[in-house]
Amino acid sequence: MFREFRKQVIEALSCEERFVRESDHADLAYTGAFKIAKERKEEKRSPQEVAEEILSNLALEIYDYIGSAEAVNGYINFNVSYEFLEDTIDLILDEDWNYGRLKLGGEALIEHTSANPDGPLHIGHIRNSIIGDTLARIFRKAGINVTTHYYVNDMGRQVALAVLGVRKYGLGDEKQEEKPDHAVAKAYIAINRDLEGDLSLDAEAERLMVEYEEGRGEVVEEFKRVVNAALEGITETLQMLNVEHDDYVWESQFIRNGYVDKVLKELEEKGLLVKDGAWKIDLSDLGYEKEVVVRRENGTTLYIARDIAYHLWKNQNFERSINVLGSDHKLYGRQLGDILKKLNLKPPEIVFFEFVSLPEGSMSTRRGKFISADELIQKVYEEAYEIIREREFSEKEKKEVAKAVAVGAIRYDFIKVAPEKPMVFDWKQALDFERQTASYIQYAHARACSIMRKAVEAGMPDLEFNPEICDEMERKLVVLLSKFSYIVERIVKELRPNVFADYVLDIAMTFNDFYKDHPVLKAESEYRMHRLAIVDATRVTLRNGLELLGIEPLEKM
RNA sequence: GGACCCGUAGCCUAGCAUGGAUAAGGCGGCAGCCUCCUAAGCUGCAGAUCGCGGGUUCAAAUCCCGCCGGGUCCGCCA
């Protein structure tokens, strides 16, 4: 709805979009008068005079969603009309689960997580998963046909080492109920420790990589066993976090299906390949210091060769391709993009996120220095359970609520921070629910549910929104609710999912504000029905918002 | 050495893309609010040289340059 209002304002002004912005002083504000006043300096008119003149020439009557417009301090402040407020509430209640949906169309591939299958996900990996999954949910809401991929790096040196580790140390004690990804990590960490004193292991790993790339049967089976074990545990963790991938795409498939050969041939035909033992791509024309090696002297390919092949495939199947990557891949991402351009392929859009580090320094799977996502989930769950231990819920309900609150807290804590900001993980903060978190939003939603439930129980479920009795607080809330699809659209464009987290929190805060001094069920009927409509619309919007954040909208907590 | 990202109250963050009207939340601190729709809530107070220095502009947290601090990258690793 807000999108329509904005469209009307821009159209009325027939100005560039950038001069119309959200403001504390109005629903939308026009800032163009400053510029115009400056451009016509010789006329010696203040921005305020210019704003007034522009305003007097606007034919606002034809725009049903513009309620008022006023020139103040050089700005033109626009506020929405009664009709806008009424249509917003009607639309929300009418569309319900569909509220906020757009019909942007198109196909998009979102690749995220893609952690090496050499151990469990740690708290750095899930920053990736949560950003990727939230983007996927928001893209789907925008009406884009989304496919999500986990790109499995089964051909890397790490995996070869993990295989070696499993050969030597086995894959955990079958009787112990250890998650398989943790078992892989154990073997991987152990072999890395051995590697420090035994250089022959290096050669052994290299031999293994050659054999795997050549596709030797028994080696392939061995790799599969290890990778699948890691993936099994990883998938379980992701499920806990409400993250799901449509497909797991194994890197090796691009060797097996000939895409890598096709790409290498294409590179050669375009004269991009330098062969001197190893095969390299020279990008010095673009200012790169070093050549990019795509094939080793021993004939095996490097990660980037398979990745170019993967992106060739992405180009063939999707209009838009988005990768979520750690910022350590920035140079790599640029190289990949530039090589793809040389092949007349469209580079992926990449969302880079900065590292999650521990107070004592950065994490490392290899050295066993990390906090696993499983451990985080478990501890946050226990903390959440502690809070509701004494409540009048059944044991089953308590567990469900604790899980929803824990997962929500984790997802929200990660998604609310802009991807480009480095994070330092802090247990105290992660376990603290007395702060702005998902539970605050879930709580606001549960409150709205509770009011609606009680209204039905009391036999007065009728809703009748009346814009004319809307006070400032209510108006503010309704306008905020109207922005849902506007925010969705922004995120699809800007790839900044943290903005959505902020938006949903804003609704919860505004609703709590409204709640404290707007009795609903005890108000006389006209106001009761009016406020009940607002409460229900807020409930729907919060629920849909939580859904896009992958957080369960609890009805009781 | 070169490149990229970050630097906003004691702490964590929003705002920076597209400069604009009093820099916004939370935690922690202090003082309050449950005979009233869920107190996982709400109110008030204290707390900011927006890292530092220049510049552009009528206007800079936001744009440009330099510096400082933290992180990352510059592999025939992924």
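The chains referred to below are lettered A, B, ... by the order of the sequence lines, with proteins before strands, and numbering in each begins at 1. Values below: every heavy atom of this structure, side chains too, minus hydrogens, waters and symmetry copies.
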Between rG15(B), rA21(B), rC42(B), which nucleotide has the shortest distance from any of its atoms to the side chain of Asn73(A)? rA21(B)

Would you mind telling me which of rU22(B), rA3(B), rC77(B) lies closest to the side-chain atoms of His25(A)?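 Closest of the options to the side chain of His25(A): rU22(B).
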
What class does the angle between the rings of His149(A) and Tyr310(A) fall in, given that below 30° is parallel, 30 to 60° is tilted and above 60° is perpendicular? parallel

Asn77(A), nearest nucleotide to its side chain (from rC76(B), rA21(B), rC11(B)): rA21(B)

Donor-acceptor pair present, Asp506(A) side chain and rA24(B) base, under 3.5 Å: no

Listed nucleotide nearest any side-chain atom of Tyr440(A), set rG41(B), rG15(B), rA78(B):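 Within the option list, the nearest is rG41(B).
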
Tell me: CE of Met557(A) to C1' of rG41(B), nearest whole Å?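 Taking CE of Met557(A) and C1' of rG41(B), I get 11 Å after rounding.
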
Syn or anti for rC45(B) (syn when the glycosidic angle lies within 90° of 0):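 Anti, which is what one calls it when the glycosidic angle falls more than 90° from 0.
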
Closest nucleotide among rC77(B), rC73(B), rG25(B) to the Met509(A) side chain: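 My answer, after comparing the listed nucleotides, is rG25(B).
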
Atom-pair distance (CG on Leu325(A); C1' on rC5(B)), nearest Å: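 Distance, rounded to whole Å: 15 Å.
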
So with a 6.0 Å cut-off around CD of Glu392(A), is the heavy-atom count from everything else above 12? no

Heavy-atom contacts under 4.0 Å between residues 275-286 of chain A and RNA chain B, which residues?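 Here the set is Ala278(A).
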
Contacts of Glu251(A) meeting salt bridge (charged side-chain N to carboxylate O under 4.0 Å, His left out) (sequence neighbours excluded), chain-then-number -> Arg306(A)

Under the 3.5 Å rule, do the base of rA40(B) and the side chain of Arg391(A) count as making a donor-acceptor pair?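 Side chain to base: pair present.
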
Name the nucleic acid region contacted by Val424(A), choosing base, sugar-phosphate or nothing; use a 4.0 angstrom heavy-atom cut-off, strictly under.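 Nothing: the residue Val424(A), judged by heavy atoms under 4.0 Å, touches no strand.
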
Residues that Phe353(A) engages under ring-ring contact (aromatic ring centres under 6.0 Å, His included), provided they are two or more places apart: none

Taking atom C1' of rC4(B) as reference, at what distance in whole Å does atom NZ of Lys330(A) sit?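 Result: 5 Å.
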
Pairing residues for His445(A) by the ring-ring contact (aromatic ring centres under 6.0 Å, His included) criterion, not counting sequence neighbours: none

Scan Glu17(A) against the nucleic acid and name what it touches under 4.0 Å (heavy atoms): base, sugar-phosphate only, or nothing.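 Answer is nothing: Glu17(A) stays at 4.0 Å or more from every strand.
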
To the nearest Å, give me how far apart CG (Leu505(A)) and P (rG25(B)) are.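 Computing the Leu505(A):CG to rG25(B):P distance gives 12 Å.
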
Looking only at side-chain atoms of Lys38(A), point me to the closest of rU57(B), rC73(B), rG15(B).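 Taking heavy atoms from C-beta onward, the closest nucleotide is rU57(B).
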
Write down the distance separating the P atoms in rC6(B) and rC42(B), rounded off to the nearest Å. 32 Å

Neighbour count >12 (heavy atoms, 6.0 Å) for atom NZ, Lys556(A):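 Not buried by this count: 12 neighbours or fewer within 6.0 Å.
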
For rA40(B), does either OP1 or OP2 sit under 4.0 Å from a side-chain N or O belonging to Tyr385(A)? no

I'd like to check Asn323(A) versus Val351(A) (side-chain heavy atoms, cut-off strictly below 4.5 Å). Are they in contact? no

Partners meeting ring-ring contact (aromatic ring centres under 6.0 Å, His included) with Tyr212(A) (sequence neighbours left out):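 With neighbours one apart ignored, the set is Phe223(A).
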
Heavy atoms only, 4.0 Å cut-off, all strands: where does Ala418(A) land among base, sugar-phosphate and nothing? sugar-phosphate

Donor-acceptor pairs under 3.5 Å, side chain of residues 17-26 of chain A to any protein atom, not counting sequence neighbours: which ones?
from	atom 1	to	atom 2	distance (Å)
Glu17(A)	OE1	Arg6(A)	NH2	3.2
Arg18(A)	NE	Glu16(A)	OE1	2.8
Glu22(A)	OE1	Lys483(A)	NZ	2.7
Glu22(A)	OE2	Tyr486(A)	OH	3.3
Ser23(A)	OG	His25(A)	N	2.8

Taking Watson-Crick and G-U wobble pairs with both distances under 3.5 Å, convert RNA chain B into its dot-bracket string, 5' to 3', dots for unpaired and | for cross-strand pairs. (((((((..((((......[...)))).(((((.......))))).....(((((..]....))))))))))))....

Identify which one of Glu464(A), His518(A), Glu474(A) satisfies the side-chain hydrogen bond (donor to acceptor under 3.5 Å, both in side chains) criterion when paired with His530(A). Glu474(A)

Pairs in or reaching into residues 278-309 of chain A: which pass ring pair (Phe, Tyr, Trp, His ring centres under 6.0 Å), with residues at least two apart or in two chains?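 Those involving residues 278-309 of chain A are Tyr303(A)-Tyr332(A).
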
Taking only the side-chain heavy atoms of Asp328(A) (C-beta and beyond), determine which of rC73(B), rG15(B), rC76(B) contains the nearest atom. rC73(B)

Assign a letter to each nucleotide of nucleotides 31-37 of chain B from its 5' end: B, base within under 4.0 Å of a protein heavy atom; S, sugar-phosphate only; -, no contact. -----SB

Counting the atoms with a prime plus P, OP1 and OP2 as sugar-phosphate, which does Asp513(A) contact under 4.0 Å by heavy atoms, base, sugar-phosphate, or nothing? sugar-phosphate

Taking salt bridge (charged side-chain N to carboxylate O under 4.0 Å, His left out) as the definition, give me every residue that meets it alongside Lys35(A), ordered by chain and number, with sequence neighbours left out.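 Salt bridge (charged side-chain N to carboxylate O under 4.0 Å, His left out) list for Lys35(A), sorted by chain: Glu39(A).
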
What's the CG-C1' distance between Asp413(A) and rU13(B), to the nearest Å?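 Rounding to the nearest Å, CG of Asp413(A) and C1' of rU13(B) are 11 Å apart.
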
Atom pair distance, as rounded to whole Å: CZ in Phe352(A) and P in rC5(B): 11 Å

Polar pairs (N or O, both sides) under 3.5 Å between protein and nucleotides 7-10 of chain B?
from	atom 1	to	atom 2	distance (Å)
rG7(B)	OP1	Lys421(A)	NZ	2.4

Per-pair distances, 0.1 Å, donor-acceptor, side chain in residues 507-517 of chain A, under 3.5 Å, sequence neighbours excluded:
from	atom 1	to	atom 2	distance (Å)
Thr510(A)	OG1	Asp506(A)	O	2.7
Asn512(A)	OD1	Arg447(A)	NH1	2.7
Asn512(A)	ND2	Tyr440(A)	OH	3.1

What's the CG-P distance between Leu331(A) and rC5(B), to the nearest Å?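 Taking atom P of rC5(B) as the reference, CG of Leu331(A) is at 13 Å.
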
What's the closest nucleotide to the side chain of Ile388(A) if the choices are rA40(B), rC74(B), rC5(B)?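 Shortest atom-to-atom distance from the side chain points to rA40(B).
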
If you check every side-chain atom of Asp502(A), which of rA14(B), rC76(B), rC42(B) has the closest atom?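 Comparing rA14(B), rC76(B), rC42(B) against the side chain of Asp502(A), the answer is rA14(B).
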
So, is Asn498(A) near the phosphate of rU13(B), with a side-chain N or O under 4.0 Å from OP1 or OP2? no

Assess whether one donor atom and one acceptor atom, taken from the side chain of Glu420(A) and the base of rC6(B), lie less than 3.5 Å apart. no

For Glu251(A), report the nucleic acid contact type (base, sugar-phosphate, nothing); a contact means any heavy atom under 4.0 Å.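 If one applies the 4.0 Å heavy-atom cut-off, Glu251(A) turns out to touch the sugar-phosphate alone, with no base involved.
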
